[in-house]
*Asks:* 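One structure, as structure tokens, below. Some questions next.
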Amino acid sequence: MSLHHAYDPDNIFAKILRGEIPSANVWEDEHVLAFMDVFPQSEGHVLVISKTSTAPSLLEIEPEALDRLTAAVQRTARAVEKALSPDGFQIMQLNGEAGGQTVFHLHFHIIPRWTDRPMKGHGHAPMADAAVLRALADRIAAALD
Ligand code: 5GP
């Protein structure tokens with residue numbers, strides 16, 4: 001698949017946005033949605049997406065939507081830090097199949113890291129229990145400013 005391709009309205013995140021499949025949402029407004037990654041690479045792995053842009057990758061997103069998305073990433077990362085007290089965290093954003101991207105609706109990953117806990121590889125993490133994800137989402141949401 002090329003780095004430049006049409007947006008698929010049936011990608012998994014589009015379905016989450018339409019409420020067609022369940023997700024453990026952390027918070028949302030009219031512009032963005034933050035929700036738990038169902039295959040978390042570490043405890044508290046959150047994804048942040050635009051609700052208004054259909055950009056498959058960073059290359060296509062409109063500047064205003066990107067501003068809102070990056071502000072949402074920072075707001076969510078601050079809440080993750082407050083709720084889970086990681087030693088660090090990674091922001092990951094993959095573009096194109098060759099770049100490791102698997103869902104072609106632009107998204108940022110927030111992956112908390114602890115010095116004594118290894119992170120699972122991208123695409124190698126088991127599916128998390130829905131109740132565990134819901135509880136984590138609630139803890140993070142409670143820490144939002
Ligand atoms: P990418 O590989 O495109 O950077 O990231 C896609 C992310 O979406 C992966 O980390 C993967 O675990 C996550 N993911 C895939 N399917 C689902 C799903 O149905 N629900 C949620 N919440 N996350 C998903």
*Asks:* With a 4.5 Å cut-off on side-chain heavy atoms, are Glu43 and Trp114 touching?
*Replies:*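 The answer is yes, as the side chains (C-beta and beyond) meet within the 4.5 Å cut-off.
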*Asks:* Quick one: closest heavy-atom pair of Met36 and Val26, and the distance?
*Replies:*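 Minimum heavy-atom contact is SD-CG2, 3.6 Å.
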*Asks:* Quick one: pull up CE in Met92 and CD1 in Ile111 and give me the separation to the nearest 0.5 Å.
*Replies:*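 Going from CE on Met92 over to CD1 on Ile111, the span is 4.0 Å.
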*Asks:* To the nearest 0.5 Å, what is the distance between OG1 on Thr54 and CG on Leu17?
*Replies:*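 Here the rounded value is 11.0 Å.
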*Asks:* Using every non-hydrogen atom in the two residues, find where Thr102 and Phe104 come nearest and quote the distance to one decimal.
*Replies:*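 Heavy atoms only, the tightest pair is O-CE1, 3.7 Å.
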*Asks:* With a cut-off of 6.0 Å (strictly less than), are more than 12 heavy atoms of other residues, nucleotides or ligands near CD of Gln90?
*Replies:*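 Result for CD/Gln90: enclosed.
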*Asks:* For residues Ile140 and Gly44, report the shortest heavy-atom separation together with the two atoms involved.
*Replies:*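 Smallest interatomic distance, heavy atoms only, reads CD1-O, 4.4 Å.
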*Asks:* For Phe89, look at atom CZ and say whether over 12 heavy atoms of other residues, nucleotides or ligands are found less than 6.0 Å away.
*Replies:*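 Counting neighbours around CZ of Phe89, 12 or fewer heavy atoms of other residues, nucleotides or ligands fall under 6.0 Å, so no.
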*Asks:* Specify the closest pair of heavy atoms between Thr52 and Ala65, including all atoms of both residues, with the distance to one decimal.
*Replies:*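 Result for this residue pair: OG1-CB, 4.3 Å.
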*Asks:* Is the closest basic N to carboxylate O distance between Arg68 and Asp29 below 4.0 Å?
*Replies:*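 The answer is no: the pair does not qualify as a salt bridge.
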*Asks:* What distance separates Ser53 OG from Leu69 CG, expressed to the nearest 0.5 Å?
*Replies:*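 The OG atom of Ser53 sits 8.5 Å away from the CG atom of Leu69.
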*Asks:* In this structure, would Leu47 and Ile12 fall into the same cluster of hydrophobic residues linked by side-chain contacts under 4.5 Å?
*Replies:*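 Looking at the clustering, Ile12 is in the same group as Leu47.
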*Asks:* From Phe35 CZ over to Glu28 CD, what is the distance, rounded to the nearest 0.5 angstrom?
*Replies:*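 So the CZ of Phe35 and the CD of Glu28 are separated by 11.0 Å.
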*Asks:* Can you get from Leu106 to Phe13 by hopping between Ile, Leu, Val, Met, Phe, Trp and Tyr side chains that sit under 4.5 Å apart?
*Replies:*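 The answer is no; the residues belong to distinct hydrophobic clusters.
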*Asks:* Identify the two heavy atoms, one from Pro112 and one from Pro86, that lie closest to each other, and give their separation to 0.1 Å.
*Replies:*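 The pair with the smallest heavy-atom distance is CB-CB, 3.8 Å.
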*Asks:* Go through it in stages, so that I can follow the logic: the residues are Leu59 and Asn95, the test is side chain to side chain contact (heavy atoms under 4.5 Å, CB included), and I'd like the CA-CA distance, side-chain angles, deciding distance and then a yes or no.
*Replies:* CA-CA 8 Å; Leu59 298 176; Asn95 298 281; 5.7 Å; no
*Asks:* Assigning hydrophobic clusters by single linkage (Ile, Leu, Val, Met, Phe, Trp, Tyr; side-chain heavy-atom cutoff under 4.5 Å), is Tyr7 placed with Val32?
*Replies:*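 Looking at the clustering, Val32 is in a separate group from Tyr7.
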*Asks:* Tell me whether Glu60 contacts the main-chain N or O of Ser57 through its side chain, where contact means a donor paired with an acceptor under 3.5 Å.
*Replies:*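 Yes; judged by distance alone, with no hydrogens or angles, the pair exists.
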*Asks:* Would you say His122 and Gln41 are linked by a side-chain donor-acceptor pair, where the criterion is simply a distance under 3.5 Å?
*Replies:*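 Judged by distance alone, the side chains do pair up.
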*Asks:* In Å, rounded to the nearest 0.5 Å, how long is the span from CZ of Arg78 to CD1 of Ile110?
*Replies:*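 CD1 of Ile110 is found 11.5 Å from CZ of Arg78.
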*Asks:* For the hydrophobic clusters of this structure (ILVMFWY residues joined by side-chain heavy atoms under 4.5 Å, transitively), does one cluster hold both Leu136 and Ile91?
*Replies:*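 Yes, same cluster.
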*Asks:* Checking His109 against His45 for the side chain to side chain contact (heavy atoms under 4.5 Å, CB included) test, could you report, in this order, the C-alpha distance in whole Å, the side-chain angles of both residues, the deciding distance, and whether it holds?
*Replies:* CA-CA 7 Å; His109 299 251; His45 181 166; 2.8 Å; yes
*Asks:* Does His107 have its ring centroid less than 6.0 Å away from the ring centroid of His105?
*Replies:*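 No, too far apart.
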*Asks:* Membership question, hydrophobic clusters at under 4.5 Å side-chain separation (ILVMFWY): are Ile16 and Ile49 in the same one?
*Replies:*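 Same cluster.
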*Asks:* Return the CZ to CG distance between Arg75 and Asp145, rounded to the nearest 0.5 Å.
*Replies:*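 Atom-to-atom, Arg75:CZ and Asp145:CG are 7.5 Å apart.
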*Asks:* Check the pair Arg113 / Asp87 against side chain to side chain contact (heavy atoms under 4.5 Å, CB included), numbers first and verdict last.
*Replies:* CA-CA 6 Å; Arg113 300 296 307 273; Asp87 299 312; over 6 Å; no
*Asks:* Could you tell me whether Arg18 and Asp10 have a side-chain N and a carboxylate O separated by less than 4.0 Å?
*Replies:*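 A salt bridge is present here (some side-chain N lies under 4.0 Å from a carboxylate O).
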*Asks:* For Leu58 and Gln93, work out which heavy atoms get closest and say how close.
*Replies:*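 In terms of heavy atoms, the two residues are closest at CB-OE1, 3.6 Å.
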*Asks:* May I ask you to check whether over 12 heavy atoms, not counting those of Arg117, lie within 6.0 Å of atom CZ?
*Replies:*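 Yes, the 6.0 Å shell around CZ holds more than 12 heavy atoms from other groups.
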*Asks:* For residues Val73 and Val46, determine if any side-chain heavy atom of one lies less than 4.5 Å from a side-chain heavy atom of the other.
*Replies:*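 With C-beta onward as the side chain, the pair stays apart.
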